[in-house]
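What follows is a short report on a single structure.
Chain letters run A, B, ... following the sequence lines, proteins first, then strands; residues in each count from 1. Because only heavy atoms are used, hydrogens play no part in the values below, and waters and symmetry mates are left out as well, while side chains stay in. This structure is a prediction, so every number in the text was calculated from the model and none was measured.
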Protein chains: 2
Amino acid sequence: MVERQRADARRNYARILAVAEEEVAARGADASLEQIARTAGVGSATVRRHFPTRRALLEAVSRTRIAALSARAQELTGRGDSRDALLEWLGEVVAYCVSARGLAVALSYDDSAADPVHENSCSRSLEEAGGPLLGRAVRDGAVAAGVTVGDLITLAVGIVLATEHRGDPAAEADRLFRLAVEGLSPRA
Amino acid sequence: MVERQRADARRNYARILAVAEEEVAARGADASLEQIARTAGVGSATVRRHFPTRRALLEAVSRTRIAALSARAQELTGRGDSRDALLEWLGEVVAYCVSARGLAVALSYDDSAADPVHENSCSRSLEEAGGPLLGRAVRDGAVAAGVTVGDLITLAVGIVLATEHRGDPAAEADRLFRLAVEGLSPRA
DNA sequence: GAGGAAACGGCGGGTCCCGCCGTTTATCCG
DNA sequence: CGGATAAACGGCGGGACCCGCCGTTTCCTC
């Protein structure tokens, strides 16, 4: 499991990843791989050797953010009202995706097309982390039974993707998120 | 208003548009402009002369679809239950965006960044067409007052964008659309 | 320290988008 | 009808990107 790796390879991996985080945050999901290579001081081939596809790079870049969100889910599980906790978490997912460009794209990839060799895809990770949070809300009757964490995340990602090019993405995303949570028709 | 145009220019415009429709439908919103030019039998410069930006091309390609959806909105206005009519229309918007690639991207562009010289942007067109339909639903109390057509369309577009790379986009999109309509918490 | 494998990165090819600019061609008017 | 004129065309070169190849360097092991 632990692929033995040369020291310079690990060093380059880390450098590329660090540069990629900045670059993707700044330019979005289709940042130039060559630019990342140049800034990291490596050849473009080395970038592709460590991250064979753009998806792989985006997922690696997103990993720390995903971890933070997963931790947050655990924190919120079992704390306070179950519906509020779930909504708080989803709101944070939306906010993260808005502020950290590239994350939404990484989460929009098809789970089933994930590299089976490597660890879980980003979305699968998040789904597992959010499972208990959603489960509790469902048991409390705050959410319908058929709904999955994947549904909620996809919805959040969609909202982010659709508002990305707007004047004020954060405000728009938040507005739509609340609309989706409330549903189309006002509560009685 | 009616820009006098040479005959060959109009002919080329039509050919490019026809080719672009097929190409975008097949390859998605980032189809190759040069490929379109080649297939249409014109130079790539001619394509860019008629459609200065990719956005312009996408909006032109989407125009006929938009027109169809607008007509559909008019048909549905005043027919049947106002909530059902609105939902039927939105469902068709989603279905259209799923089946006609590129449409969702065209609708995700910022309204306010639209070319003010030319006619309305795609989204603005649709918003106007859906206005009466939504207005009736709001008056009937089926939709909260603050909601705009733009909100609903953006939500629909987001759902499509987020499910685009899934195994079965149509099914996923439909599922999420219903979830968003119903809201997170089940009805009493 | 030497051998061997792993990792590197430069190079060439292909595609794309873009601006320039000489050439073709439709249109207008004498 | 035919020339003038401006619109429209499209080929060309530049720059950026992604990708595969392959000779070279660098690290690890013994």
Side-chain angles (χ1 to χ4, degrees), chain A residues 1-20 22-61 101-102 105-106 109 113 115 117-118 165, chain B residues 1-20 22-61 101-102 105-106 109 113 115 117-118 165:
Chain A
M1 204 64 198
V2 186
E3 295 288 339
R4 197 61 183 123
Q5 212 177 210
R6 259 169 55 172
D8 54 346
R10 254 170 306 164
R11 195 172 29 247
N12 278 335
Y13 180 92
R15 289 166 60 128
I16 293 170
L17 189 55
V19 171
E22 297 177 23
E23 206 66 18
V24 168
R27 322 250 176 201
D30 37 1
S32 162
L33 301 185
E34 291 211 334
Q35 178 59 39
I36 291 173
R38 272 186 301 253
T39 308
V42 301
S44 66
T46 299
V47 172
R48 261 176 317 105
R49 203 169 294 117
H50 286 291
F51 307 98
T53 67
R54 178 175 295 275
R55 167 173 183 165
L57 180 65
L58 282 182
E59 295 199 333
V61 165
R101 306 191 57 185
V105 173
Y109 291 134
D115 188 346
V117 174
H118 290 65
H165 306 293
Chain B
M1 205 63 194
V2 187
E3 295 287 337
R4 194 61 182 126
Q5 213 178 208
R6 258 167 57 170
D8 54 346
R10 254 170 304 164
R11 194 169 32 244
N12 277 336
Y13 181 93
R15 289 167 61 127
I16 293 169
L17 189 54
V19 171
E22 295 177 24
E23 206 65 19
V24 168
R27 322 249 174 203
D30 38 2
S32 162
L33 300 185
E34 292 213 335
Q35 179 57 40
I36 292 174
R38 271 184 301 243
T39 308
V42 301
S44 66
T46 299
V47 171
R48 264 177 314 103
R49 204 168 294 120
H50 285 292
F51 306 99
T53 68
R54 180 176 293 277
R55 167 172 182 166
L57 180 64
L58 282 183
E59 295 200 332
V61 164
R101 305 192 58 185
V105 173
Y109 291 133
D115 187 346
V117 173
H118 289 64
H165 306 293

Taking the nucleotide of DNA chain C with the nearest heavy atom to each, does B:Arg11 or B:Asp30 sit closer to the 5' end?
B:Asp30
Starting at the 5' end of DNA chain C and moving along, which residue's nearest nucleotide shows up first, B:Arg48 or A:Arg10?
A:Arg10
Report which part of the nucleic acid A:Arg54 touches: base, sugar-phosphate, or nothing (heavy-atom distance under 4.0 Å, all strands).
sugar-phosphate
With a 4.0 Å cut-off on heavy atoms, is A:Ala45 in touch with a base, just the backbone sugar-phosphate, or nothing at all?
base
Assess whether atom CZ of B:Arg27 is packed by more than 12 heavy atoms of other residues, nucleotides or ligands within 6.0 Å.
no
[X] side chain near [N] phosphate (N/O to OP1/OP2, under 4.0 Å):
X       : N      : value
B:Asn12 : D:dC9  : yes
B:His50 : D:dC9  : yes
B:Arg15 : D:dC9  : no
A:Arg38 : D:dA16 : no
A:Ser44 : D:dC18 : no
B:Arg6  : C:dT25 : no

Where do A:Tyr109 and A:Leu58 land on the side-chain contact (heavy atoms from CB on, under 4.5 Å) test, with the steps shown first?
CA-CA 10 Å; A:Tyr109 291 134; A:Leu58 282 182; 3.5 Å; yes
In this structure, how many angstroms lie between the [atom2] atom of [N] and the [atom1] atom of [X], rounded?
X       : N      : atom1 : atom2 : result
A:Phe51 : D:dC19 : CZ    : P     : 15 Å
A:Gln35 : D:dG15 : CD    : C1'   : 14 Å
A:Leu33 : D:dC18 : CG    : P     : 4 Å

Sub-4.5 Å side-chain heavy-atom contact between B:Arg11 and B:Asp8:
yes
What nucleotide, of D:dA8, D:dC27, C:dA7, holds the atom closest to the side chain of A:Gln5?
C:dA7
Winner on side-chain proximity to B:Val42, out of C:dC8, D:dG10, C:dC18, is D:dG10
Do the side chain of B:Arg49 and the base of C:dG19 come within less than 3.5 angstrom through a donor-acceptor pair of N or O atoms?
no
Testing A:Val42, A:Val19, A:Leu17 for side chain to side chain contact (heavy atoms under 4.5 Å, CB included) with A:Ile36, which one passes?
A:Val19
Mapping B:Glu34 and B:Tyr13 to their closest nucleotides on DNA chain D, which lands nearer the 5' end?
B:Tyr13
So which atom in B:Arg101 and which in B:Val24 form the shortest heavy-atom distance, rounded to 0.1 Å?
O-CG1, 3.3 Å
